[in-house]
There are 2 protein chains.
Amino acid sequence: MPDYTNPIATVDAVILTLEQGRLKIMLARRAAGPFQGALALPGGYVHPEEDRSLADAVRRILRGKCGVDVAYMEQLETFSGPDRDPRGWSISVAHIALVPRDALPVETEERQFHDVDDLPDLAFDHAEIVAAALRRLRGKGAYSTLPAAFLGESFTLPEMQRAYEAVLGERLNLAAFRRKVMDWGLVEDTGEKDRSTDRPAALYRLAEPFRTLERSLRTAA
Amino acid sequence: MPDYTNPIATVDAVILTLEQGRLKIMLARRAAGPFQGALALPGGYVHPEEDRSLADAVRRILRGKCGVDVAYMEQLETFSGPDRDPRGWSISVAHIALVPRDALPVETEERQFHDVDDLPDLAFDHAEIVAAALRRLRGKGAYSTLPAAFLGESFTLPEMQRAYEAVLGERLNLAAFRRKVMDWGLVEDTGEKDRSTDRPAALYRLAEPFRTLERSLRTAA
DNA sequence: ACAATAGTGTCTTTAAGACATTATTCA
DNA sequence: TGAATAATGTCTTAAAGACACTATTGT
């Protein structure tokens, strides 16, 4: 064992969702500890006795604190330093999760969903973590099927395009977007139709759960 | 402070360099502790008393253990679990550094440079960390000026192309590569020439230290 | 019939790939 | 002068962007 005191080890989760075409982040009001009463990313200590991995720790905390089961999650970045947590030198392994809105609980005083372009003050260095999460999401958005993680099991191409537009923060060319999605085999037809619009739209599902792309799905203007 | 025992916190470094057109990784022979005598990535404990950040810890260890000062370094990924270190549940924050070969020390029994395609058995889960580092390098290689970090302050375009070819593991189209590098303003002319080849080649420097690109520098065949 | 949204066709423009050609040095 | 390597020019092909058009439903 080390001669030195060990940093405190925590995990935090940036849970992103799409609500009416807007990117939202789930924030939890801190019930105890430093920054009690403030808004923060959901997170907590790693429990070596029960967690087999950091991702396990995140899932345990999200299940317990927020009643959230995430489909797609990836590790974001590890934040560290003597000053970010008043309890001492700490390490937080931040994770990012993309969840369809209807797989998340309703909003309460304890768990709120905030537009990423209009965030309140956050505890710790969580504003920095959120900024890193958004950079990652926007960077990966054009080169992967990541934005589709915001959608349900099946979705229409217009929905898919709106998800990409929300992630990338710009309008995409309709014809070119559809061409790429179809030509590259990103989705497969379910045979079903969504009848919530005037003209029913074909419902697709992702051909593979997650895929990184050789070329960008960005299709300017 | 937590009710739970805290994981052990370490950092590891994947130091990559380019030697005669081949990607090499620096490995250190373990002088003590678990896996004594085995080859491993250079790494060690975080020292909260003296390190201001994880990157600081890496630089301290590299300076002390290996006499290495890295120019470009980024955080790779955090590895964790109960079994990866015989001393107990541990967290290792892996970093990746790209260094020109001539900025690294000579090879000894204690510090060796191994071709990434022909690695020996490594201590801990370091083989997994190396695999992640290579995935990151190859993924980012085409979409950034990262491979230029293997080169010195100034370099020729043929050198730059060879660095990209080593990173991407494939030959690139000469004319298209040069077109992109020049058109996108990735480099600026130093006015100097490299006279080590028959026809002297113009020497360039990076226009900015590191840059991510909108489009890929891959220029097939 | 008309509004609304889904989906396609096609023309123009731009970028990529292939590869021949020219340029500048050394031996 | 010829071998070697650097650098450019240009033709062909493929992809992206623009945008008009057709299609299928609800009211």
Side-chain angles (χ1 to χ4, degrees), chain A residues 20-21 141-144 148 151-152 154-166 168-205 207 213-221, chain B residues 20-21 141-144 148 151-152 154-166 168-205 207 213-221:
Chain A
Q20 282 143 26
Y143 288 97
S144 69
L151 309 172
S154 69
F155 48 83
T156 68
L157 289 194
E159 277 169 357
M160 185 176 178
Q161 180 167 349
R162 280 191 292 271
Y164 274 84
E165 289 175 339
L168 300 176
E170 64 184 0
R171 302 298 306 275
L172 302 182
N173 179 287
L174 185 146
F177 180 85
R178 297 177 69 101
R179 244 190 330 236
K180 291 182 180 183
V181 170
M182 303 310 290
D183 290 356
W184 300 355
L186 304 186
V187 298
E188 53 192 28
D189 201 327
T190 63
E192 308 285 303
K193 294 225 179 274
D194 171 61
R195 310 198 153 271
S196 69
T197 52
D198 280 332
R199 171 171 172 178
L203 281 165
Y204 297 88
R205 70 173 74 84
L213 309 174
E214 295 286 307
R215 291 203 297 292
S216 169
L217 254 173
R218 251 177 91 205
T219 53
Chain B
Q20 282 143 25
Y143 290 98
S144 69
L151 308 173
S154 69
F155 48 84
T156 69
L157 289 194
E159 276 170 358
M160 185 176 177
Q161 180 168 349
R162 281 191 292 273
Y164 273 84
E165 288 175 340
L168 301 175
E170 64 185 0
R171 304 298 305 276
L172 301 181
N173 180 286
L174 185 146
F177 180 84
R178 297 178 69 100
R179 241 187 337 231
K180 291 182 180 184
V181 169
M182 302 310 291
D183 290 357
W184 301 353
L186 303 186
V187 298
E188 50 190 26
D189 201 329
T190 64
E192 308 286 305
K193 294 228 180 268
D194 172 60
R195 310 198 153 272
S196 68
T197 53
D198 280 332
R199 169 172 173 178
L203 281 165
Y204 298 88
R205 71 173 72 86
L213 309 173
E214 295 285 308
R215 292 204 294 292
S216 170
L217 256 174
R218 252 178 88 207
T219 53

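Values below: all heavy atoms of this structure, side chains included; hydrogens, waters and symmetry mates excluded. In the text below, chain A, chain B and the rest are named by the order of the sequence lines, each starting its count at 1. Keep in mind it's a predicted model, so treat the numbers as computed, not measured.
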Sub-4.5 Å side-chain heavy-atom contact between B:Gln161 and B:Thr156: no
Pull out every protein N or O sitting under 3.5 Å from an N or O of nucleotides 21-23 of chain C, one pair per line with the distance.
residue: C:dA23; atom: N3; partner: B:Arg199; partner atom: NH1; Å: 2.5

Residues within residues 187-197 of chain B bordering DNA chain D, heavy-atom distance below 4.0 Å: B:Thr197
base_contact_polar (D:dG17 base, A:Arg179 side chain, donor-acceptor, <3.5 Å): yes
Per A:Pro158 side chain, nearest of listed nucleotides C:dA6, D:dT8, C:dT5: C:dA6
Length of the CG-P vector between B:Asp198 and D:dG2, whole Å: 16 Å
Pairs flagged by salt bridge (charged side-chain N to carboxylate O under 4.0 Å, His left out) wherever residues 172-197 of chain A is involved - sequence neighbours left out: A:Glu188-A:Arg205
Side chains of B:Phe155 and B:Val187 in contact at under 4.5 Å (non-hydrogen atoms): yes
Side-chain touch B:Glu214/B:Trp184, heavy atoms, less than 4.5 angstrom: no
Reported CG-to-CZ distance for the pair B:Leu157 and B:Phe177, which is rounded to 0.5 angstrom: 7.0 Å
Considering all heavy atoms, the nearest B:Ala142-B:Leu168 contact: N-CD2, 3.7 Å
Sugar-phosphate, base or nothing in reach of B:Ala175, heavy atoms under 4.0 Å: base
Position toward the 5' end of DNA chain C (nearest nucleotide), A:Ala201 or B:Ser216: A:Ala201
5' precedence on DNA chain C between B:Arg215 and B:Pro200 (nearest-nucleotide basis): B:Arg215
Integer-rounded Å distance: D:dG17 P and A:Asp183 CG: 14 Å
Polar side-chain atom of B:Thr219 near backbone of B:Asn173 as donor-acceptor pair, under 3.5 Å: yes
Integer-rounded Å distance: D:dA7 P and B:Met182 CE: 9 Å
For atom CG of A:Leu203 and atom P of C:dA6, their distance in whole Å: 12 Å
Atom-pair distance (CZ on B:Phe177; P on C:dA16), nearest Å: 13 Å
Minimal non-hydrogen separation, B:Leu151 against B:Ala163, with atom names: CD2-CB, 4.1 Å
Position toward the 5' end of DNA chain D (nearest nucleotide), A:Ala176 or B:Arg162: B:Arg162
Length of the line joining B:Glu214:CD and D:dA16:C1', which is rounded to integer Å: 15 Å
Spacing between A:Arg218 atom CZ and D:dA18 atom P, to the nearest angstrom: 12 Å
Nearest-0.5 Å distance, OH of residue A:Tyr143 to CZ of residue A:Arg218: 7.5 Å
Between C:dG9 (P) and A:Leu174 (CG): distance, integer Å: 14 Å
